[in-house]
Amino acid sequence: MQKEIIIAGFGGQGVLFAGQVLAYAAMDTGKIVTWIPSYGPEMRGGTANCTVVIADEEIGSPLVKHPPLAIALNLPSLDKYEGLLAPGGTLIVNQSMVDRGAKRTDIHVIFVPCNEIAEEIGDKKLLNMVAVGALLTALPELTLKDVEKALEAHLPERHKHLLPKNYEALKRGYETAQKIPA
Amino acid sequence: MPKELWKGNEAIAEAAVRAGLQAYFGYPITPQTEILEYLSRRMPELGRAFVQAESELGAINMVYGAACTGARVMSTSSSPGVSLMMEGLSYIAGTEVPAVLVNVMRGGPGLGNIAPAQSDYNQAVHGGGHGDYPRIVLAPSSVQEAIDLMGLSFDLAEKYRMICMVILDGSIGQMMEPAEMPEMKPIVDRNFDWATNGAINRERRILSSIYIDPPAEEVANLRLGKRWREVQANEVRYKEYYLDDAEFVIVGFGTAGRVALSAVRAARTEGIKVGLLRPITVSPYPYQVIDQLAGRVSGFLVTEMNMGQMFDDVRLAVRGRVPVEFYGRTGGVVPFPDEILAEIRRIAAGQWTTDRDPRDAWQARMVSVLER
């Protein structure tokens, strides 16, 4: 088993942390995992992305050109990764930040209004966890519970009070994505 | 110890601390600055020495001085910074004191960029500083291997009174992987019989790289050469993948090696019997295992993130018996597995380059790669 996920968005949308949460959950459930950010000059205010590879044997390349899974938190990321996704793959799109629908018909594109859902929960910064929750509907290797446990185990003590809202964001994202017909 | 998610650069720093690093001297440069940043907090916390020098020249000469006392010392930098350290490195080698230098390589030449590259292979393995000197060079391909090799680097440097370099690229430095840290080793006074650590109640010792008398310099160089043969006999390390039934073999180190692993696995699902040899020590180089493989496989493909530097070492081991192909990306570009898979398919179809330097043939093929 090997699954690759690219998470992309603006700096400040929690792209890198969203990937780390998946990496922690994968590690804690005994899987092999790599997390690699793009660390070029684009980090300064532009787009940010990271690639997470989850496998059950030694991982070769930590980077992948055509991932089966991706999260696009803004329009530039949708523009870039819609075309790169492997056929049959699933793309989670933050509907709050895009003004167009999907162009490809050979992939599953799931639009989730991450910003609005995060604001309903009461913390707009949780938009990344909403997207991660939505992604889990297409990533059977990790359950909502796995990700919740990873957050609990690895979130710094000073942020632990945020756990319930993080759980809610994950759940809302998952449920929203589940309701969308494939 | 349980596994934790470690970023390559920070893992290298902590692994050095746990191996008993007593003094660190460095200067910031991307993509290795996290090592320096981590140690700037960690070393003072443990009462150990951390100095951000005024330049790379300052840093390497501080390493030189501290190494003369027999302490465990290191510096870290990235390509342009390591170039600046070459004079000091040669002095360290000439003085026969142990030191560790980590190079998190980036795209070059010149100022280049901060993206991952392996283009300092020749500088690390074959040259760099002036004069006849051997050096040990380790090339990890994962965060765990980087941790393990940091501990080894100090042991080897001290055992052979030699520089030990650890070369990796920015992607391993920035990548996070689950990894297990070794236990914290206590700082021990190794009481080397050469260390200039205070001549109280003993004869004064002098450490220097000056041999004004050429025959004396020749004796010193022959001594280094003899020690190097011991290193070559005892310290070669590599990892084999799918070699048992391999009809041809990819050779790649570090990130290029692990990207090749993905390509090899994909090729295996297509029924192509290809294997992978990943050198872990690139100096001493695993010539012997390649020599043996050359006797039974139909050829090799060398993959690197440079213009074909380790390629020459593979050809040296193969000695013209079978073809050696090359595929590289350079300037800070990391190859994707499908590029190497395309090369594997070409070779599996019998299209070996036999009429010219395989690097020329590769450059011609790159035209279509760049168009994709």
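So that the names make sense, note that chain A is the first sequence line, chain B the second, and so on, each numbered from 1.
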Would you say [X] has more than 12 foreign heavy atoms packed within less than 6.0 Å of its [atom1]?
X        : atom1 : result
A:Lys124 : NZ    : no
B:Asp244 : CG    : no
A:Lys160 : NZ    : yes

Where do [X] and [Y] come nearest, in terms of heavy atoms and distance?
X        : Y        : value
B:Gln174 : A:Trp35  : O-CZ3, 3.8 Å
B:Leu5   : A:Gln20  : CD2-O, 4.3 Å
A:Gly60  : B:Arg258 : O-NE, 2.7 Å

Most chain A-contacting option - heavy-atom pairs closer than 4.5 Å, from B:Thr255, B:Asp338, B:Asn113: B:Asp338
Minimum side-chain heavy-atom gap A:Met27-B:Met176 below 4.5 Å: no
Any B:Arg265 side-chain heavy atom under 4.5 Å of A:Glu58 side chain: yes
Under 3.5 Å donor-acceptor, A:Ser61 side chain and B:Pro337 backbone: no
From CG (A:Asp28) to NZ (B:Lys3), nearest 0.5 Å: 12.0 Å
Heavy-atom contact with chain B under 4.5 Å, split by part of A:Val64: backbone
Portion of A:Ile59 that has a non-hydrogen atom of chain B nearer than 4.5 angstrom: both
